[in-house]
Amino acid sequence: MRPVASDARWEKIYAVVRRIPRGRVATYGQVGFLAGLAGQARQVGYALAALPQGSRVPWHRVINAQGRVSPRALPGWDAVQRQLLRREGVRFDREARVSLERFQWRPRSAR
DNA sequence: TTTATGGCTGTCA
DNA sequence: ATGACAGCCATAA
């Protein structure tokens with residue numbers, strides 16, 4: 001059997017995402033960096049997109065570098081993400097953007 | 001194998 | 001602020 005490289009990477013990505021506390025957000029690039037995959041933000045998005053529904057990974061706490069919820073393949077799904085974040089206290093401005101200054105997660109280990 | 005497409009990002013006009 | 005582009009790399013065809 002051929003080893004599936006993405007499994008190990010995705011595991012690392014999920015591990016990082018699981019560390020994001022409630023009411024905080026991280027960018028794809030940040031997650032990639034913390035997972036040892038600097039510059040591969042896109043893979044983070046890909047990994048999160050592949051998450052099964054029942055997973056306990058807080059995928060909704062990951063947004064793009066512009067502080068916005070990325071438009072997704074399935075319609076309405078991004079609105080759900082915003083609602084989940086709001087429920088945790090994350091505020092959106094009228095441009096549907098989050099102030100990363102205020103809500104971005106800052107783990108000590110990588111500051 | 002090659003091509004096209006992604007829940008992205010930084011840089012430059 | 002907005003748009004175009006080039007990197008990144010896994011997956012599907």
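Proteins get letters first, then strands, A, B, ... in listed order; numbering begins at 1 in each.
The shortest distance between the side-chain N/O atoms of A:R9 and the OP1/OP2 oxygens of C:dC9 is not below 4.0 Å. Residue A:S70 places at least one side-chain N or O closer than 4.0 Å to OP1 or OP2 of B:dC8.
A donor-acceptor pair under 3.5 Å is absent between the side-chain atoms of A:R97 and the main chain of A:G67, judged by distance alone. A:Q30 places a side-chain N or O within donor-acceptor distance of the main-chain N or O of A:W105, the cut-off being under 3.5 Å. The backbone N or O of A:A47 lies less than 3.5 Å from a partner atom in the side chain of A:Y14, making a donor-acceptor pair. Panel note: side chain A:R61, backbone A:I20; a donor-acceptor pair is recorded below 3.5 Å. Remark: the backbone N or O of A:V44 is not paired with any side-chain donor or acceptor of A:R9 at under 3.5 angstrom.
The A:V62 side chain lies nearest to B:dG7 when the options are C:dT11, B:dG7, B:dT9. Nearest to the side chain of A:Q40, among C:dC8, C:dA10, B:dC8, sits C:dC8. The side chain of A:W10 lies closest to C:dA10, out of B:dC8, B:dG7, C:dA10.
Rounded to an integer number of Å, the gap from A:D78 CG to B:dC8 P is 12 Å. In this structure, the CG atom of A:L37 is 10 Å from the P atom of C:dA10, given to the nearest Å. A:L48 has its CG atom 11 Å from the P atom of B:dT9, to the nearest Å. Whole-Å rounding puts the A:E11 CD to C:dA10 P distance at 16 Å. Put simply, OH on A:Y28 is 17 Å from C1' on B:dG10, counting in whole angstrom units. Straight-line distance from the CG atom of A:L51 to the P atom of B:dG6: 19 Å, rounded to whole Å. Computed from coordinates, the A:R42 CZ to B:dC8 P distance equals 7 Å when rounded to whole Å. As a whole-Å value, the separation of A:Y14 OH from B:dG7 P is 13 Å.
Residue-level contact check: A:R97 touches the backbone only, with heavy atoms under 4.0 Å from sugar-phosphate atoms and none from bases. A:A65 comes within 4.0 angstrom of sugar-phosphate atoms only, judged by non-hydrogen atoms across all strands, and of no base. As judged by a 4.0 angstrom heavy-atom cut-off over every strand, A:A50 is placed among residues making no nucleic acid contact.
When Watson-Crick and G-U wobble pairs are counted only if both distances are under 3.5 Å, B:dG7 pairs with no nucleotide at all.
Both A:R68 and A:G39 sit near DNA chain C, but only A:R68 has its closest nucleotide nearer the 5' end.
Spacing of P atoms, B:dG7 relative to C:dG7, comes out at 23 Å, to the nearest Å. Look at the P atom in both B:dA4 and C:dC5: the space between them is 16 Å, to the nearest Å. Nucleotides B:dG6 and C:dC8 have their C1' atoms positioned 12 Å apart, rounded to a whole Å.
Side-chain to base pairing of A:Y46 with B:dG7: no donor and acceptor N or O lie closer than 3.5 Å to each other. Taking only distance into account, the side chain of A:Q43 never meets the base of C:dC8 through a donor-acceptor pair shorter than 3.5 Å.
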Show your reasoning for whether side-chain hydrogen bond (donor to acceptor under 3.5 Å, both in side chains) applies to A:H60 and A:E88. CA-CA 11 Å; A:H60 61 280; A:E88 299 186 344; 3.0 Å; yes
